[in-house]
Amino acid sequence: MLVLTRKPGQQIMIGDSIVINLVEVQGDNVRLAIEAPREVKIYRGEIYKAIMEENKKAAAQIADIDLTDLINK
Amino acid sequence: MRTINTVRFGEIEIEEEKIIKFSAGIPAFEEEQEFVIIPYDEESPFVFLQSLKTAELAFLMTSPFVFFPEYQFEIDDDSIEALGIEKEEDLLIYVLLTLPGKDIKQMTANLLAPIVINQENHQAKQVILEKSEYKTKHLLFPVQNITGGDE
């Protein structure tokens, strides 16, 4: 893992098509502006992680599920 | 026709045109790119999303609009492009369901990341609604206020 120190107004380049601009730092909030090609997906880590976790749970339960009670509602 | 193995349904034959392709996989299941939809039964809104590759992998899904009539979202341009979406009528929308224990009344739907299928070309994607207020868990049957405090 590469760890860099940056100041507001400075950038990080990843490859030659992704630029991360550090816009501002206020307390414990860091504001980033990201330029990337359309095909590069950008998500807040916790949202993507939450969906991965939920998908794993959704996949782990199915084998003998009985929905009779739900359907008859 | 293709013959696939499933834990729930045993060995089944499916027509090639019934295969739904998730070209980017599903988050946490990126290697799983081909699925087929198998109804739970003929009259219920529940369906299984069965993996072609992994016999034991099947997600339970439902049409969200049955349980959440006001559910709505906007599909981002990237997803529209990735799925080759031309018109809304071509779309089939499902949400994945999770059951925390044995009580099916506790079942929740993931409204934050609906499964969007383009029926025209069978391309599908779990779309993440980055800007919405929806969560990964919404009770299918919200708990009624049994103490009747409304009056």
Side-chain angles (χ1 to χ4, degrees), chain A residues 1-2 4 6 8-73, chain B residues 6-8 24-30 32 40-46 48-51 54 56-62 66-67 76-79 81-82 95-105 107-113 115 125-132 135-137 140-141:
Chain A
M1 183 185 286
L2 172 66
L4 296 172
R6 302 274 64 197
Q10 293 183 326
Q11 299 179 325
I12 293 171
M13 292 204 62
I14 300 174
D16 44 21
S17 59
I18 299 174
V19 183
I20 298 172
N21 298 287
L22 206 174
V23 179
E24 64 175 349
V25 180
Q26 282 206 346
D28 51 7
N29 290 314
V30 177
R31 199 169 164 82
L32 303 171
I34 303 163
E35 298 161 47
R38 287 179 65 87
E39 64 271 19
V40 175
K41 298 280 162 260
I42 302 167
Y43 302 110
R44 292 185 187 90
E46 70 278 13
I47 287 188
Y48 197 80
K49 210 171 153 193
I51 286 162
M52 283 177 39
E53 290 308 314
E54 196 61 23
N55 284 350
K56 284 184 203 161
K57 281 183 213 150
Q61 64 190 354
I62 290 309
D64 56 353
I65 198 160
D66 182 356
L67 303 177
T68 318
D69 285 358
L70 284 189
I71 290 160
N72 293 339
K73 260 185 92 86
Chain B
T6 73
V7 164
R8 189 180 172 92
I26 292 176
F29 299 91
E30 285 79 5
E32 299 285 347
Y40 179 80
D41 69 15
E42 293 200 349
E43 275 156 37
S44 85
F46 299 102
F48 289 100
L49 185 66
Q50 170 70 49
S51 161
T54 308
E56 53 271 21
L57 182 61
F59 295 98
L60 183 64
M61 314 193 289
T62 187
V66 175
F67 298 96
D76 61 285
D77 292 347
D78 288 355
S79 297
E81 201 172 304
V95 290
L96 298 185
L97 300 173
T98 305
L99 186 62
K102 287 225 163 103
D103 179 6
I104 52 176
K105 301 285 191 307
M107 186 173 274
T108 58
N110 181 352
L111 300 189
L112 179 61
I115 301 290
K125 183 181 175 187
Q126 186 173 28
V127 174
I128 299 175
L129 307 179
E130 177 88 7
K131 293 177 195 130
S132 83
K135 305 186 195 76
T136 58
K137 289 181 197 292
L140 239 49
F141 304 102

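Each of B:T98, B:I26, B:T136 was scored for a side chain to side chain contact (heavy atoms under 4.5 Å, CB included) with A:N55, with one residue passing: B:I26.
At a 4.5 Å heavy-atom cutoff, the contact between B:N110 and chain A is made by side-chain atoms alone. Interface residue B:E30: only side-chain heavy atoms are found under 4.5 Å from chain A. At a 4.5 Å heavy-atom cutoff, the contact between B:L99 and chain A is made by backbone and side-chain atoms alike. With a 4.5 Å cut-off on non-hydrogen atoms, B:T108 touches chain A through its side chain but not through its backbone.
For residues 47-54 of chain A, the interface with chain B (any heavy-atom pair closer than 4.5 Å) comprises A:I47, A:Y48, A:A50, A:I51, A:M52, A:E54, sorted by residue number.
Around atom CD of A:Q26, no more than 12 heavy atoms belonging to other residues, nucleotides or ligands sit under 6.0 Å away. Environment of CZ in A:R6: crowded, with over 12 heavy atoms of neighbouring residues, nucleotides or ligands closer than 6.0 Å.
Between A:Y43 and B:E130 the shortest heavy-atom distance is CD2-OE1, 3.8 Å.
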